[in-house]
Amino acid sequence: MVSSASRERPHSDRRVIVGGVAALQETETGGRNQMSTAGRLAAYAAVLILLFTGAWATGVAVGPVTDAASAQPAGPTTPGSDPNHASEHDHGGAGATAPGVPDRGPTGQDPVATVESLGLSATQAGYTFAVQNTTFGLGRPGELAFTITGPDGRPVTSYADAHHGPMQVAVVRRDAAGFQHLQPALGADGVWRAPLTLPGGGIWRAYADFAPTDGPPLVLGTDLFVQGDFTPFRFADSRTFDVDGYQVRLDGNLVPGTQSQIYATVSRNGAPVLDLQPYLGAFGHLAVLRQGDLAYLRVQPITSSTPGPADRAGPGTAFTVDVPSAGSYRLFVEFVHGGVTRTAEFSVSTPEGSR
């Protein structure tokens, strides 16, 4: 069993980053913690504007900062092949806007990828996410080994190095519980490998987020299986999360059909954390999943430049999210402080008027 909501692992060893599994573990032992009390939510709401404004301004003075203030209004996305008209960020660089092409968003990325890819299929654009062993023992340490095969049927070994690295893998159970973020290593045989322990029974979804050299950016998904009892969770909307003595608050709305801006603010014992460490090309990482079909949304950090290893900033990090449809979403924010990666999880619904 996984023992905490975020496994304390030295930041130098980032092959496996586990977050949001405490509730899953407690289900296996017969209990479940509540995310927060009504009083805490009310208190956060009362000081939301004052705390966010003051803390963010303080963080600007201490190091590289996100570029939310200079972000231009996000342009609308374009309906695509997804039944819910899902659209995503491209991983490509900035360039001129051609007639008929939507304006680029505040990250300088195209709001619509050449190939729409939400992790709903294991094969797309001639590429296949092939896992060698899809069955795992309940709570037993295992290994996720997989290849990405190309249009020629051979394992892909050359990848574009995006802001978060050449390959990112996320794993979550079908009820959107037990999120884990993996950073696998590529072997000379073209096989990616990462250690993986699944703490609950049921069907899990694995996502591979990558861009092959000279190929489109893709998110492919496939199922993993764990024998054992399965009782699905129901997540109430939440905007705050406590992990290891840190408090993380989420601001911003997910508006369907737009590039929505989301802000995560980290504090500790009531004081803003001003020395967050760089992580995957920014001062935090955000993953967003649509509840129901578990579509995996592409997210870009809003940042003026890639921070160096010695840079520090805080207390907030900003992101843009292409929101394909109305509904409920699960959001997972990762941040690094004191050399430890921690994960905060949230449940957010689109505004009532958009549903």
Side-chain angles (χ1 to χ4, degrees), residues 1-22 24-25 117 119 122 127-148 155-157 159 161-174 176-187 189-200 202-212 217-226 279-282 284-289 294 296-299 330-336 340-345:
M1 295 289 179
V2 179
S3 59
S4 67
S6 69
R7 177 176 301 167
E8 296 206 1
R9 178 181 299 273
H11 183 49
S12 59
D13 179 9
R14 301 190 309 186
R15 290 186 62 190
V16 182
I17 302 166
V18 180
V21 296
L24 235 176
Q25 179 196 3
S117 186
Y127 295 88
T128 298
F129 178 25
V131 175
Q132 292 184 354
N133 184 4
T134 59
T135 301
F136 288 75
L138 177 61
R140 296 178 181 175
E143 180 183 68
L144 182 67
F146 65 92
T147 58
I148 302 297
V156 176
T157 58
Y159 295 84
D161 193 356
H163 69 89
H164 53 39
M167 175 68 70
Q168 297 295 310
V169 172
V171 179
V172 70
R173 202 167 66 171
R174 275 288 182 177
F179 174 83
Q180 300 189 39
H181 182 183
L182 314 178
Q183 292 175 347
L186 178 62
D189 56 357
V191 178
W192 292 90
R193 293 180 173 87
L196 175 62
T197 300
L198 297 178
I203 301 175
W204 294 70
R205 190 70 175 169
Y207 303 90
D209 180 1
F210 63 96
L218 295 170
V219 178
L220 303 180
T222 193
D223 286 339
L224 309 176
F225 306 91
V226 180
Y279 179 58
L280 300 179
H285 182 267
L286 172 65
V288 182
L289 299 173
L294 289 186
Y296 184 102
L297 277 57
R298 285 196 184 275
V299 177
R330 291 278 287 159
L331 294 83
F332 304 91
V333 174
E334 297 171 279
F335 65 95
V336 179
V340 177
T341 302
R342 296 175 173 88
T343 303
E345 56 185 73

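Remember, predicted model here, so these are calculated numbers, not experimental data. Positions are given from 1 along the sequence. These values consider heavy atoms only, across backbone and side chains, with no hydrogens, waters or symmetry-generated copies.
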**Message:** Within the structure provided, determine whether Thr341 and Phe335 are in side-chain contact (heavy-atom separation under 4.5 Å).
**Reply:** no
**Prompt:** Is there side-chain contact between Leu218 and Phe129, with heavy atoms separated by less than 4.5 Å?
**Reply:** no
**Complete:** Rounding to 0.5 Å, atoms CG (Leu286) and CG (Leu280) come to a distance of 12.0 Å
**Message:** Between Glu345 and Arg330 (salt bridge meaning N to carboxylate O under 4.0 Å), is one present in this structure?
**Reply:** yes
**Complete:** Rounding to 0.5 Å, atoms OG1 (Thr157) and CG (Leu186) come to a distance of 7.0 Å
**Fill in**
In short, Val169 meets Ala208 closest at the heavy-atom pair CG2-CA, 4.5 Å
**Request:** Given side chain to side chain contact (heavy atoms under 4.5 Å, CB included), test Val226 with Arg173 step by step and report yes or no.
**Result:** CA-CA 10 Å; Val226 180; Arg173 202 167 66 171; over 6 Å; no
**Request:** Kindly indicate whether the side chain of Gln132, heavy atoms from C-beta on, has any atom under 4.5 Å from the side chain of Phe146.
**Result:** no
**Fill in**
Rounded to the nearest 0.5 Å, the CG atom of Leu294 sits from the OH atom of Tyr296 at a distance of 12.0 Å
**Prompt:** Hey, does Leu220 have a side-chain heavy atom less than 4.5 Å from the side chain of Thr128?
**Reply:** no
**Item:** Steps toward side chain to side chain contact (heavy atoms under 4.5 Å, CB included) verdict (Gln180, Thr197)
**Value:** CA-CA 9 Å; Gln180 300 189 39; Thr197 300; 5.5 Å; no
**Message:** Could you check whether any side-chain heavy atom of Tyr207 comes within less than 4.5 Å of a side-chain heavy atom of Leu289, counting everything from C-beta outward?
**Reply:** yes
**Prompt:** Do Arg205 and Val171 come within less than 4.5 Å of each other through their side chains, counting heavy atoms only?
**Reply:** no
**Asked** Does any non-hydrogen side-chain atom of Pro184 lie less than 4.5 Å from one of Glu143?
**Response** no
**Message:** Once rounded to the nearest 0.5 Å, what's the spacing between atom CD of Gln168 and atom NE2 of His285?
**Reply:** 5.5 Å
**Complete:** Rounded to the nearest 0.5 Å, the OG1 atom of Thr134 sits from the CH2 atom of Trp204 at a distance of 14.5 Å
**Asked** So which heavy atom on Phe210 is nearest to which on Pro166, and how close?
**Response** CB-O, 3.5 Å
**Fill in**
Residues Gly190 and Thr147: closest non-hydrogen pair is O-CG2, 3.6 Å
**Message:** With a 4.5 Å cut-off on side-chain heavy atoms, are Leu224 and Ile203 touching?
**Reply:** no
**Message:** When you measure from the side chain of Ser117 to the backbone of Val219, do you find a donor-acceptor pair of N or O atoms at a distance under 3.5 Å?
**Reply:** yes
**Fill in**
In terms of heavy-atom contacts, Phe332 and Ala176 come closest through CZ-O, 3.9 Å
**Request:** Please round to the nearest 0.5 Å and tell me the distance separating atom CG of Leu182 and atom CZ of Arg193.
**Result:** 14.5 Å
